[in-house]
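Encoded as structure tokens, the structure appears first; notes follow it.
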Amino acid sequence: MRARENIMAPIRHMLADTGVTEQQWRVLRVLAETSPLDASQVAERACLLLPSLTRIARTMADKGLIDMAQDAQDRRRQLLAIAPEGQRILTDNHAQAVRIVEGFKARLGNEDYEHLLDLLATLSDLPPDP
């Protein structure tokens with residue numbers, strides 16, 4: 001828990017001036033990589049429960065951060081895409097996000113930082129425990 005808090009503290013500080021929450025930031029990051037996406041895919045990639053994403057997405061759409069639309073082929077599916085205002089928030093904070101990452105690299109050293117990323121990727125790829 002302490003490690004997570006050490007990682008999140010500078011990110012929270014960065015987000016304080018953006019008007020978006022940590023969860024909204026994750027949604028923006030996911031949609032910036034690939035957009036549009038089905039709401040279920042966004043929930044999975046952003047590590048959110050689908051009911052939580054549904055609430056978060058409505059708030060984000062109301063703020064003009066994302067666009068929501070029904071899938072033309074399957075009207076039960078909701079498609080989410082990053083809106084220009086959401087992209088602006090990511091762009092405006094890109095330099096600070098890079099500085100945060102560079103700070104962790106400097107403190108850990110490049111080799112340990114890369115090793116940590118490899119270990120985290122391995123851990124995230126493990127199947128869930130029964």
Side-chain angles (χ1 to χ4, degrees):
M1 294 298 289
R2 207 169 293 131
R4 182 184 191 288
E5 288 306 309
N6 282 341
I7 297 293
M8 290 308 300
I11 295 169
R12 285 188 193 109
H13 180 72
M14 176 185 72
L15 294 178
D17 295 330
T18 65
V20 298
T21 66
E22 294 171 39
Q23 294 83 2
Q24 291 171 343
W25 178 259
R26 293 196 319 248
V27 170
L28 290 174
R29 295 274 317 268
V30 165
L31 292 174
E33 290 176 11
T34 308
S35 191
L37 282 175
D38 173 274
S40 297
Q41 294 170 310
V42 174
E44 180 182 329
R45 292 180 187 188
C47 299
L48 295 167
L49 297 173
L50 187 56
S52 295
L53 174 67
T54 301
R55 179 184 46 78
I56 291 165
R58 280 191 204 115
T59 300
M60 293 178 76
D62 290 345
K63 289 181 170 183
L65 303 175
I66 65 169
D67 296 317
M68 298 172 61
Q70 280 186 333
D71 186 315
Q73 278 69 40
D74 183 350
R75 297 179 61 80
R76 296 171 295 174
R77 284 181 47 185
Q78 190 77 17
L79 296 176
L80 307 179
I82 192 164
E85 180 62 17
Q87 185 60 56
R88 184 194 63 74
I89 288 173
L90 291 179
T91 301
D92 288 353
N93 289 281
H94 178 77
Q96 189 171 355
V98 168
R99 282 193 300 275
I100 291 169
V101 170
E102 291 301 322
F104 288 121
K105 281 184 185 179
R107 290 167 48 199
L108 286 172
N110 197 51
E111 186 176 327
D112 283 347
Y113 178 81
E114 292 300 325
H115 187 227
L116 175 61
L117 292 181
D118 291 342
L119 289 172
L120 291 170
T122 299
L123 186 60
S124 69
D125 291 340
L126 290 176
D129 206 13

- Query: Is the backbone N or O of Ala121 less than 3.5 Å from a side-chain atom of Ser124, with the two atoms forming a donor-acceptor pair by type?
  - Reply: yes
- Does CD in Glu22 sit with more than 12 non-hydrogen atoms of other residues, nucleotides or ligands closer than 6.0 Å? yes
- Message: To the nearest 0.5 Å, what is the distance between CG on Leu48 and CZ on Arg26?
- Response: 4.5 Å
- Message: Let me confirm one number: the CZ-CG distance from Arg58 to Leu53, rounded to the nearest 0.5 Å.
- Response: 10.0 Å
- Consider only side-chain heavy atoms of I, L, V, M, F, W and Y, link residues closer than 4.5 Å, and tell whether Ile7 and Leu119 are in one cluster. no
- Reference residue Asp92; test side chain to side chain donor-acceptor pair (under 3.5 Å); the match among His94, Gln96, Arg88: Arg88
- Could you walk me through whether Leu65 and Val27 pass the side chain to side chain contact (heavy atoms under 4.5 Å, CB included) test, one step at a time? CA-CA 10 Å; Leu65 303 175; Val27 170; over 6 Å; no
- Query: Any chance CD of Glu114 has more than 12 other-residue heavy atoms, nucleotides or ligands included, within less than 6.0 Å?
  - Reply: yes
- Polar side-chain atom of Thr34 near backbone of Val30 as donor-acceptor pair, under 3.5 Å: no
- Might you work through the side chain to side chain contact (heavy atoms under 4.5 Å, CB included) test for Gln24 and Lys63, ending with a clear yes or no? CA-CA 11 Å; Gln24 291 171 343; Lys63 289 181 170 183; 3.6 Å; yes
- Task: For atom CZ of Arg29, decide whether the heavy atoms of other residues, nucleotides or ligands shown that lie under 6.0 angstrom number more than 12.
- Result: no
- Note on the structure: Rounded to the nearest 0.5 angstrom, the CG-CG distance for Leu15 and Asn93 is 7.0 Å
- Item | Student check: side-chain heavy atoms of Leu28 and Met60 closer than 4.5 Å | yes
- If you group Ile, Leu, Val, Met, Phe, Trp and Tyr by side-chain heavy-atom gaps below 4.5 Å, do Leu79 and Ile56 land in one group? no
- Message: Hydrophobic clusters here meaning ILVMFWY residues chained together by side-chain heavy-atom distances under 4.5 Å, can you tell me if Ile11 and Val20 are in one?
- Response: yes
- Task: Report yes or no: do Tyr113 and Leu120 belong to one cluster of Ile/Leu/Val/Met/Phe/Trp/Tyr joined by side chain heavy-atom distances under 4.5 Å?
- Result: yes
- Message: One pair to check against side chain to side chain contact (heavy atoms under 4.5 Å, CB included): Ile82 and Leu90. What are the steps and the verdict?
- Response: CA-CA 10 Å; Ile82 192 164; Leu90 291 179; 3.7 Å; yes
- Arg77 atom CZ, neighbour heavy-atom count above 12 within 6.0 Å: yes
- Task: Supply the atom-to-atom distance Asp112 CG to Leu117 CG, rounded to the nearest 0.5 angstrom.
- Result: 11.0 Å
- Glu44 and Gln41, any side-chain heavy atoms less than 4.5 Å apart: no
- Any idea which heavy atoms bring Gln87 and Ala32 closest together, and the distance? OE1-CB, 4.0 Å
- Message: What's the separation between atom CD1 in Ile89 and atom CG in Asp17, rounded to the nearest 0.5 Å?
- Response: 11.5 Å
- Message: Test of understanding: clusters of I, L, V, M, F, W, Y form through side-chain heavy atoms closer than 4.5 Å, transitively. Do Trp25 and Met68 belong to the same one?
- Response: yes
- Task: Salt-bridge test for Glu102 and Arg99: reply yes if a basic N is under 4.0 Å from a carboxylate O, no otherwise.
- Result: no
- Query: Would you call Arg2 and Glu5 a salt bridge, using N to O less than 4.0 angstrom?
  - Reply: no
- Query: Minimum heavy-atom separation for Ser35 to Ala81, with atom names?
  - Reply: OG-CA, 2.9 Å
